[in-house]
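When a residue number appears, it is its place in the shown sequence, counting from 1. It should be emphasised that the depicted structure is a prediction, and the values quoted were computed from it without experimental measurement.
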Amino acid sequence: MPTILGQNQYGKAENRVVKITRDGDTHHIKDLNVSVALSGDMEDVHYSGSNANVLPTDTTKNTVYAFAKEYGIESAEQFGIHLARHFVTSQEPIKVARIRIEEYSWERIATSEANSKFIGSDDVKHSFVRKGQETRVTQITYDGEKWEVISGLKDLVVMNSTNSEFWGYVKDKYTTLQEAYDRILATQVSARWRFNWSDDEQKAPNWEKSYEQVRKHMLQAFAETYSLSLQQTLYQMGSRIINNRSEIDEVRFSLPNKHHFLVDLEPFGLKNDNEVYFAADRPYGLIEATVLRDGVEPQIPVDMTNL
């Protein structure tokens, strides 16, 4: 039976680029992990091995570093847009470019006035500590006409130590879980949101401000929701983002329930009044859902594993 070539793409994955912007004595850091995937007229290289339409993956790597110098890195989204536009418009065989970026955040190290003067500087503005909260992510896809920008974050761990319950659920002969009227609610947020900016005629969002505001609304909704289920909290987080950020039409969450179980201290003659818990890392409940602006069709993949 004859075979045919299906979807294919190629590029250079996980190009680590760190860009230092020097504003006098004040330095700024952008630390990215950039993956490039290109697709288009690539049948010949698969069928015959002809590289006539192939831009070497080494060239895509070099482009990432050159663009960091030529254009700077204003935001992960803007940097990805520059790269995607370049590959599609400069290489005729390439029809679609997909740029995936992870961004690692740094914050300045606060120094004491005395020590700053001791080492010969009145104000230290070039020392940083890596933030340990979340990783910012974005995926930019461009086909020469339309843009799709999906941004988000992963590994943001949050907890409410009260104002969460779980009861009234279905019970069968295998159910052993006790109903909880005051429990810890904790999760490790993985979220993606899709912008409604799709062509160059539209005004592009302020990518940095948008990320900060989405994160703020997400966390506020988590903190302010009296939760009867993690699903309810998820929906409130997504709704808060959609209702407050007009540039975003769709949000998808993957929220593992980081279970905390009360430890039985009665064998030791001690009463555990919601004070001592066992934190279980697995197995864990996994709650996933998409929240959409009314009238919008979902486009973020259900499986966000590689997004």
### Message
How close do Tyr211 and Gly152 get, counting heavy atoms only, and between which atoms?
### Response
CE1-O, 3.6 Å

### Query
For His260, what residues pass the ring-ring contact (aromatic ring centres under 6.0 Å, His included) criterion, not counting sequence neighbours?
none

### Message
Let's go through Leu153 and Val137 carefully: what are the C-alpha distance in whole Å and the side-chain angles of both, what is the deciding distance for side chain to side chain contact (heavy atoms under 4.5 Å, CB included) to 0.1 Å, and is it a yes or a no?
### Response
CA-CA 5 Å; Leu153 56 80; Val137 298; 5.6 Å; no

### Query
Are side-chain heavy atoms of Ile94 and Ser39 found at a separation under 4.5 Å?
no

### Side chains of Asp155 and Thr135, donor plus acceptor under 3.5 Å
no

#### Entry: Any residue meeting salt bridge (charged side-chain N to carboxylate O under 4.0 Å, His left out) with Lys154, in chain and number order, not counting sequence neighbours
Glu102

### Task
Might you point out which heavy atoms bring Tyr284 and Pro256 nearest each other, and give the distance in Å?
CD1-CB, 3.6 Å

#### Entry: Transitive ILVMFWY side-chain link Val251 to Ile287, under 4.5 Å
yes

### Task
Treat each ILVMFWY residue as a node, draw an edge where side-chain heavy atoms are under 4.5 Å apart, and state whether Val36 and Tyr10 are in one component.
yes

### Query
Do the side chain of Ser210 and the main chain of Asn206 share a donor and acceptor less than 3.5 angstrom apart?
no

### Query
Taking the six-membered ring of Tyr169, is the NZ or CZ of Lys171 close enough (under 6.0 Å from the centre) and on axis enough (within 45°)?
yes

### Query
What heavy-atom pair brings Ala97 and Phe87 nearest, and what distance separates the two atoms?
CB-CB, 4.3 Å

#### Entry: Beyond-backbone contact of Tyr104 with Arg16, side-chain heavy atoms, under 4.5 angstrom
yes

### Message
Could you check whether any side-chain heavy atom of Ile300 comes within less than 4.5 Å of a side-chain heavy atom of Thr290, counting everything from C-beta outward?
### Response
no

#### Entry: Residues Gln232 and Tyr226: side-chain donor-acceptor under 3.5 angstrom
no

### Task
Answer yes or no: is there an ion pair linking Glu224 with Arg240, defined by an N-O contact shorter than 4.0 Å?
yes

### Query
Do side-chain atoms of Trp197 reach the backbone of Pro205 as a donor and acceptor pair under 3.5 angstrom?
no

### Query
Between Ile248 and Ile242, what is the shortest heavy-atom contact and its length?
O-CD1, 3.7 Å

### Task
For the pair Glu74 and Lys30, find out whether any cationic side-chain nitrogen is under 4.0 Å from an anionic carboxylate oxygen.
no

### Message
So for atom CD, which belongs to Glu208, do other residues, nucleotides or ligands contribute more than 12 heavy atoms lying within a distance under 6.0 Å?
### Response
yes

### Message
Would the distance check show the side chain of Lys95 and the main-chain N or O of Glu92 forming a donor-acceptor pair, the cut-off being under 3.5 Å?
### Response
yes

### Task
Consider only side-chain N and O atoms of Thr59 and Asn62, and report whether a donor and an acceptor are under 3.5 Å apart.
no

### Message
Test of understanding: with salt bridge (charged side-chain N to carboxylate O under 4.0 Å, His left out), list the residues that count as partners of Lys146, not counting sequence neighbours.
### Response
Asp199

### Query
Quick one: are Val34 and Val17 in side-chain contact, heavy atoms under 4.5 Å?
yes

### Query
Is any side-chain heavy atom of Asn272 less than 4.5 Å from a side-chain heavy atom of Val263?
yes

### Task
Decide yes or no for Asn33 and Glu103: does some side-chain heavy atom of the first lie under 4.5 Å from some side-chain heavy atom of the second?
no

### 4.5 Å side-chain heavy-atom contact, Val96 and Tyr142
no

### Query
So, Lys258 and Asp281, do they make that salt bridge, N to O below 4.0 Å?
no

### Query
What pair of heavy atoms forms the shortest contact from Ser254 to Leu286, and how long is it?
OG-CD1, 3.5 Å

#### Entry: Beyond-backbone contact of Asp143 with Val88, side-chain heavy atoms, under 4.5 angstrom
no

### Message
Strictly by side-chain hydrogen bond (donor to acceptor under 3.5 Å, both in side chains), give each pair with a member in residues 291-304 just once, sequence neighbours left out.
### Response
Asp249-Arg293, Asp303-Thr305

### Message
Would Arg108 and His28 count as a side chain to side chain contact (heavy atoms under 4.5 Å, CB included) here? Give the steps.
### Response
CA-CA 9 Å; Arg108 300 187 189 283; His28 307 273; 3.4 Å; yes

### Task
To the nearest 0.5 Å, tell me how far Asn163 CG sits from Asp182 CG.
8.0 Å

### Query
Could you walk me through whether Thr175 and Asp172 pass the side-chain hydrogen bond (donor to acceptor under 3.5 Å, both in side chains) check?
CA-CA 5 Å; Thr175 302; Asp172 65 13; 3.2 Å; yes

### Expected output: side-chain Glu179 to main-chain Gly168 donor-acceptor under 3.5 Å
yes

Just distance, no hydrogens or angles: give the donor-acceptor pairs under 3.5 Å from side chains in residues 76-83, sequence neighbours left out.
| from | atom 1 | to | atom 2 | distance (Å) |
| --- | --- | --- | --- | --- |
| Glu77 | OE1 | Arg136 | NH2 | 2.9 |
| Glu77 | OE2 | Ser151 | OG | 2.6 |
| Gln78 | OE1 | Trp207 | NE1 | 3.3 |

### Query
Going hydrophobic residue to hydrophobic residue with side-chain gaps under 4.5 angstrom, can you get from Val158 over to Trp193?
yes

### Query
Donor-acceptor pair, Thr60 side chain versus Thr57 backbone, under 3.5 Å?
yes

### Exercise: do Ser164 and Arg183 side chains pair donor with acceptor under 3.5 Å
yes

### Query
Do the side chains of Val291 and Phe195 join up, straight or via other hydrophobic residues, at under 4.5 Å, putting them in one cluster?
yes

### Task
Check step by step if side chain to side chain contact (heavy atoms under 4.5 Å, CB included) holds for Lys209 and Val214.
CA-CA 9 Å; Lys209 180 179 178 181; Val214 168; over 6 Å; no

### Task
Go through the steps for Arg85 and Trp147 under the test side chain to side chain contact (heavy atoms under 4.5 Å, CB included), then give the verdict.
CA-CA 10 Å; Arg85 190 193 307 277; Trp147 296 93; 3.6 Å; yes

### Query
Is His86 reaching over with its side chain to a backbone N or O of Phe67, donor-acceptor style, under 3.5 angstrom?
no

### Query
So, Asp31 and Lys19, do they make that salt bridge, N to O below 4.0 Å?
no

### Query
Is Asn160 reaching over with its side chain to a backbone N or O of Phe222, donor-acceptor style, under 3.5 angstrom?
yes

### Task
Hey, could you give me each pair passing side-chain hydrogen bond (donor to acceptor under 3.5 Å, both in side chains) that has a residue in residues 40-50? Not counting sequence neighbours.
none

### Message
Does Glu201, at its CD atom, have more than 12 non-hydrogen atoms belonging to other residues, nucleotides or ligands within less than 6.0 Å?
### Response
no

#### Entry: Test item: side-chain donor near acceptor, Thr225 and Thr233, under 3.5 Å
no

### Message
Against Val45, only a single residue in Asn8, Leu5, Asn51 fulfils side chain to side chain contact (heavy atoms under 4.5 Å, CB included); can you say which?
### Response
Asn51

### Query
Looking only at heavy atoms, which two atoms of Ser190 and Met304 are closest? And how far apart?
O-CE, 3.8 Å

### Query
Are Tyr65 and Ile101 connected, step by step, through hydrophobic side chains (Ile, Leu, Val, Met, Phe, Trp, Tyr) whose heavy atoms are closer than 4.5 Å?
yes

### Task
Can you spot which of Val189, Leu156, Ile241 makes a side chain to side chain contact (heavy atoms under 4.5 Å, CB included) with Arg215?
Leu156

### Query
Have Ser35 and Arg100 got a donor and an acceptor in their side chains that come within less than 3.5 Å?
no

### Query
Does atom CD of Glu145 have more than 12 heavy-atom neighbours, drawn from other residues, nucleotides or ligands, at distances under 6.0 Å?
no

